[in-house]
Amino acid sequence: MKMLRKADYEIMPWKNGMGVTSQIDIYPDSAQFPDGDFLWRLSSATVSASAPFSKFDNCDRLLAVWKGKGMKLNDHDLPPLTPYKFSGDSAMEGVLKDGEVMDLGIIYRRGKVSVDMTSEEFTKEVVAMTLEPGFHYFFCVSGSMAVGQNLLEEGDTVRVDGAQAVKLSGKLGTKYFHIAAMPR
């Protein structure tokens, strides 16, 4: 397991220069973004004004709002904690609903990797999971939680590589995202 603390995320400009994002992780670890040999890049950004999204040819994107009241992507309503998949080739305009939001997004190479993102909430204090092969990210949306021995606070992430059993623990109502990336 690899602990990825919010305080250690790499701050970088958006490709279109209209804001900044916090890069949480990139795969492979030595890959360059946006023009290098990355298979995926997981990041979180504060969106404080309506603006066009950067285009990423030959990539797909999954995006979810984790703080704030949501936004609209073109004609698609994006309420909080609801992942939305769209083509990185598409022209997308993000329009805020009611003030700034923080999003969590993964950009990944189409045809080279499959990605799934789900929003979860603790309905019991301990959850045992058997993970499929691939790479799994657990991003803490609210409160605090543990993945194995790693304690996550709001905005922190843990990456789990490969198929294995893991134990998640947290208070009832704690929310998190689970992102699974499977290279093809």
Side-chain angles (χ1 to χ4, degrees), residues 1-68 71 73 78 80-90 92 94 96 100-120 134-142 144-145 147 150-162 175-183:
M1 285 187 212
K2 181 177 179 183
M3 184 67 206
L4 304 162
R5 295 254 176 242
K6 181 179 177 180
D8 298 330
Y9 298 161
E10 181 181 353
I11 308 299
M12 52 195 339
W14 291 351
K15 185 179 173 188
N16 67 11
M18 299 185 78
V20 295
T21 193
S22 298
Q23 180 172 290
I24 297 170
D25 199 30
I26 191 165
Y27 186 84
D29 293 337
S30 61
Q32 298 298 308
F33 186 86
D35 299 318
D37 55 349
F38 76 98
L39 283 180
W40 66 81
R41 195 272 306 257
L42 180 66
S43 67
S44 178
T46 300
V47 181
S48 48
S50 298
F53 273 52
S54 302
K55 282 182 146 186
F56 293 93
D57 294 335
N58 303 310
C59 292
D60 286 322
R61 301 177 72 169
L62 270 166
L63 186 81
V65 170
W66 66 277
K67 267 193 171 178
M71 70 169 99
L73 291 177
L78 187 61
L81 305 176
T82 307
Y84 177 59
K85 180 181 176 181
F86 58 97
S87 170
D89 302 311
S90 299
M92 298 297 280
L96 298 176
E100 78 177 19
V101 300
M102 292 186 79
D103 66 31
L104 178 68
I106 186 164
I107 300 168
Y108 56 100
R109 298 280 184 196
R110 185 178 304 124
K112 294 188 177 184
V113 62
S114 62
V115 176
D116 187 43
M117 178 190 291
T118 58
S119 173
E120 308 289 343
F135 298 82
H136 299 266
Y137 295 93
F138 295 93
F139 177 91
C140 183
V141 170
S142 63
S144 62
M145 61 183 280
V147 179
N150 296 287
L151 181 62
L152 286 74
E153 300 296 333
E154 183 179 291
D156 290 340
T157 308
V158 164
R159 184 175 100 184
V160 181
D161 299 358
K175 296 180 174 94
Y176 64 95
F177 285 106
H178 175 208
I179 301 104
M182 313 295 182

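Because the structure is a prediction, the values reported are computed rather than measured. Sequential numbering from 1 along the given sequence is applied to the chain's residues.
Remark: the backbone N or O of K6 is paired with a side-chain donor or acceptor of D156 at under 3.5 angstrom. Using modelled atom types, one side-chain atom of T82 and one backbone atom of P80 make a donor-acceptor pair closer than 3.5 Å. Under a 3.5 Å cut-off, the side chain of D60 and the backbone N or O of Y108 do not form any donor-acceptor pair. A donor-acceptor contact shorter than 3.5 Å links the side chain of S87 to the backbone of D89. In this structure a side-chain-to-backbone donor-acceptor pair under 3.5 Å is present from S44 to D103.
Nearest heavy atom pair, residue M145 against residue L151, reads O-CD1, 3.3 Å. When all heavy atoms of V65 and K67 are compared, the pair lying nearest together is CG1-O, 3.3 Å. Across L39 and P28, no two heavy atoms sit closer than the pair N-CD, 4.1 Å. Closest heavy-atom contact between Y84 and M92: CE2-CE, 4.1 Å. Across all their heavy atoms, Q32 and D37 have their closest contact at N-OD1, 3.6 Å. Contact detail for L63 and F86: the closest heavy-atom pair is CB-CE2, 3.9 Å.
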| side chain to side chain contact (heavy atoms under 4.5 Å, CB included) between K2 and D25: does it pass, once the steps are laid out? | CA-CA 10 Å; K2 181 177 179 183; D25 199 30; 3.8 Å; yes
| Trace of the side chain to side chain contact (heavy atoms under 4.5 Å, CB included) decision for Y27 with V113 | CA-CA 11 Å; Y27 186 84; V113 62; over 6 Å; no
| Check against side chain to side chain contact (heavy atoms under 4.5 Å, CB included), R109 and C59 | CA-CA 4 Å; R109 298 280 184 196; C59 292; 3.9 Å; yes
| message | Would M182 and H136 count as a side chain to side chain contact (heavy atoms under 4.5 Å, CB included) here? Give the steps. | response | CA-CA 9 Å; M182 313 295 182; H136 299 266; 3.8 Å; yes
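The OG atom of S50 sits 12.0 Å away from atom CD of E100, with the distance rounded to the nearest 0.5 Å. If you take CZ on R41 and CD1 on I107, they are separated by 5.0 Å, rounding to the nearest 0.5 Å. We find the OH-OG distance between Y176 and S119 to be 9.5 Å, quoted to the nearest 0.5 Å. Put simply, CZ on R5 and CD1 on I24 are 13.5 Å apart, with the number rounded to the nearest 0.5 Å. Considering CD1 of I106 and OG of S43, their distance stands at 9.0 Å, rounded to 0.5 Å. Atoms CE and CG, from M117 and L81 in turn, are 11.0 Å apart once rounded to the nearest 0.5 Å.
For the pair Y9 and Q23, the minimum side-chain heavy-atom distance is 4.5 Å or more. At a threshold of 4.5 Å between non-hydrogen side-chain atoms, the residues I179 and L62 do not count as touching.
The aromatic rings of W66 and F139 lie perpendicular to each other, with more than 60° between the two planes, well past the 30° mark.
Under the ring pair (Phe, Tyr, Trp, His ring centres under 6.0 Å) criterion, F53 pairs with no residue at all, not counting sequence neighbours.
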Between side-chain atoms of residues 12-19 and protein atoms elsewhere (two or more places apart, or another chain), which donor-acceptor pairs fall under 3.5 Å?
from : atom 1 : to  : atom 2 : distance (Å)
W14  : NE1    : V20 : O      : 3.0
K15  : NZ     : K55 : O      : 2.7
N16  : OD1    : M18 : N      : 2.9
N16  : ND2    : P52 : O      : 2.9

